[in-house]
Amino acid sequence: MSRYLALVPAAGSGSRFGGPSPKQYLQLNNRPLMWHTLQVLSQVAAISEVAVVISPADEWFDDFDWDLPKLRVYRVGGASRAESVRNGLQAMSADAQDWVLVHDAARCCLSVTAVERLIATLADDPVGGILALPVADTVKRADAEERISATVPRQGLWLAQTPQMFRAGLLGSALHAAEAADVTDEASAIEHYGHKPRLVDGDAQNFKVTYPRDLALARAILASRKD
Ligand code: CTP
Ligand code: MG
């Protein structure tokens, strides 16, 4: 039977966030930010392993008590997110038919419900898919002077989130084939490879902590779940 394996790239430096350590190690409600991420994935009953990919030069991971039984650590992070995922996938020895759920370490407000919805929706899917949000706002295209050059119809536009869930075999082949291309998520590698990933309703709370201003919202969401 195919397993469900989570793969969490966490080898980034958080350059837009700034600060003395990468954002995934920032203290948030008494835990490192990515502990919350890893904890949610661990809570999903169907997931048997949560693999986190950190940089070989990481100086922070060992300072914390992670205390998550499904957690495995791979120090094989690369220069780009795609490279970290590719290296992690190789290191974790998944079977070709296993489902891999790739999830950003910095999306710490993921909910168990959203992951379960993704897994249930894609159970019999031949390709796999991603959590995503239909665009709700009116979308503008800017010119070089940051003036509006066009209003883009939002019909059919979605914002990609993670987890992005694909069979290990297909994902490995697609990432290998996309090596030279500029892919910022797994779905684009699968698209380049000729497939059409399914869009599954995500969650507005599942945003990626990118700038310091994002912290207050993450803190409030996590605090609200404790009650
Ligand atoms: N990531 C990674 N390896 C890299 C770059 C990014 O594993 N070489 C991970 C990050 O740690 C993060 C996820 O990919 O969990 C999404 O990336 P992003 O939010 O862009 O994080 P950073 O790249 O660290 O931040 P920035 O782009 O601001 O430098
Ligand atoms: Mg980045």
Side-chain angles (χ1 to χ4, degrees), residues 5-28 31-42 49-64 66 68 71-92 94 100-111 114-115 130-133 159-166 171-172 174-176 178-190 202-218 221-222:
L5 311 169
L7 174 54
V8 179
S13 62
S15 57
R16 283 170 290 181
F17 195 95
S21 56
K23 60 188 178 182
Q24 56 270 33
Y25 293 113
L26 219 82
Q27 282 293 301
L28 197 57
R31 295 280 196 175
L33 184 147
M34 79 165 166
W35 180 88
H36 300 282
T37 314
L38 300 170
Q39 199 253 356
V40 168
L41 291 166
S42 302
E49 179 178 322
V50 178
V52 63
V53 177
I54 60 174
S55 162
D58 187 291
E59 316 164 5
W60 301 275
F61 188 87
D62 293 336
D63 288 347
F64 301 103
W66 297 89
L68 298 167
L71 188 63
R72 301 270 321 254
V73 189
Y74 298 98
R75 297 172 187 270
V76 295
S80 67
R81 182 184 176 286
E83 206 178 310
S84 296
V85 172
R86 202 180 293 124
N87 294 350
L89 192 60
Q90 262 165 27
M92 73 197 289
V100 178
L101 291 90
V102 182
H103 181 67
D104 294 326
R107 291 183 194 271
C108 56
C109 297
L110 176 69
S111 69
V115 182
I130 73 171
L131 287 183
L133 274 187
L159 300 171
Q161 300 186 331
T162 69
Q164 305 206 347
M165 177 173 141
F166 299 100
L171 181 58
L175 287 173
H176 183 73
E179 201 143 4
D182 185 22
V183 295
T184 51
D185 67 350
E186 290 62 52
S188 9
I190 302 281
D203 187 341
Q205 294 192 346
N206 183 26
F207 68 97
K208 193 172 72 172
V209 173
T210 304
Y211 300 101
R213 62 171 182 259
D214 300 330
L215 266 192
L217 181 56
I221 291 170
L222 294 175

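For ligands, and for the atoms within them, numbers begin at 1 and follow the listed sequence.
Within ligand 1, counting atoms from 1 as listed, the ones closer than 4.0 Å to a heavy atom of K208 are 18 (P), 19 (O), 20 (O). Of all atoms in ligand 1, listed by their number and element, those nearer than 4.0 Å to a heavy atom of A79 are 8 (N). Near A106, meaning under 4.0 Å from one of its heavy atoms, ligand 1 places the atoms 15 (O). Taking every heavy atom of Q24 and a limit of under 4.0 angstrom, the matching atoms of ligand 1 come to 11 (O). Near S13, the atoms of ligand 1 lying under 4.0 angstrom from a non-hydrogen atom of the residue are 24 (O). Near A105, meaning under 4.0 Å from one of its heavy atoms, ligand 1 places the atoms 15 (O).
Interatomic distance, Q27 CD to L215 CG, rounded to the nearest 0.5 Å: 11.5 Å. The CG atom of L159 sits 12.5 Å away from the CG atom of L131 when rounded to the nearest 0.5 Å.
In terms of N/O distances under 3.5 Å, ligand 1 is not approached by V209. Checked against a 3.5 angstrom limit, the closest N/O atoms of S84 and ligand 1 fall inside it. Checked against a 3.5 angstrom limit, the closest N/O atoms of A11 and ligand 1 fall inside it. For ligand 1, one of its N or O atoms has an N or O atom of A10 under 3.5 Å away.
Here the closest heavy-atom approach between residue E186 and residue V85 is recorded as OE2-CG2, 3.5 Å. In terms of heavy-atom proximity, A218 sits nearest to L28 at CB-CD2, 4.2 Å. Minimum heavy-atom separation, C108 to L222: O-CD2, 3.7 Å. For the pair D203 and Q161, the tightest heavy-atom approach, listed with the atom from each and the gap, is O-NE2, 2.9 Å.
Looking only at protein heavy atoms, the nearest one to atom 22 (P) of ligand 1 is G14 N, 3.7 Å. Looking only at protein heavy atoms, the nearest one to atom 1 (N) of ligand 1 is G12 N, 3.5 Å. For atom 14 (O) of ligand 1, the closest heavy atom belonging to the protein is R81 CG, 3.4 Å. The protein atom (non-hydrogen) at minimum distance from atom 29 (O) of ligand 1 is S15 OG, 2.5 Å. For atom 15 (O) of ligand 1, the closest heavy atom belonging to the protein is P9 O, 2.9 Å. Of the protein's non-hydrogen atoms, K23 NZ, 3.3 Å is the one closest to atom 21 (O) of ligand 1. In this structure, the protein non-hydrogen atom closest to atom 13 (C) of ligand 1 is D104 OD1, 3.5 Å.
Of the heavy atoms in M34, none comes closer than 4.0 Å to ligand 1.
Under the 4.5 Å side-chain criterion, counting only non-hydrogen atoms from C-beta, M92 is not in contact with R72. Counting heavy atoms from C-beta outward, D185 and T162 have side chains that stay 4.5 Å or more apart.
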| said: Pair L71, S42 - check side chain to side chain contact (heavy atoms under 4.5 Å, CB included), show working. | reply: CA-CA 8 Å; L71 188 63; S42 302; 5.7 Å; no

| said: What verdict does the side chain to side chain contact (heavy atoms under 4.5 Å, CB included) test give for V100 and V102, after you've listed the backbone C-alpha separation in whole Å, the side-chain angles of each residue and the deciding distance to 0.1 Å? | reply: CA-CA 6 Å; V100 178; V102 182; 4.0 Å; yes

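Within 6.0 Å of atom CZ in R75, more than 12 heavy atoms from other residues, nucleotides or ligands are found, so the atom counts as buried in its surroundings.
The aromatic rings of Y25 and F61 sit perpendicular, their planes meeting at an angle over 60°, well past the 30° parallel limit.
Residue-ligand proximity: P22 is placed with every non-hydrogen atom at 4.0 Å or more from ligand 1. Not a single heavy atom of V53 sits closer than 4.0 Å to an atom of ligand 1.
Across the listed options E83, R107, R16, R16 owns the non-hydrogen atom lying nearest to atom 20 (O) of ligand 1. Nearest residue to atom 8 (N) of ligand 1 from G88, G78, S55 is G78 (criterion: closest heavy atom).
In this model, no donor atom of one side chain and acceptor atom of the other lie less than 3.5 Å apart for S55 and D58.
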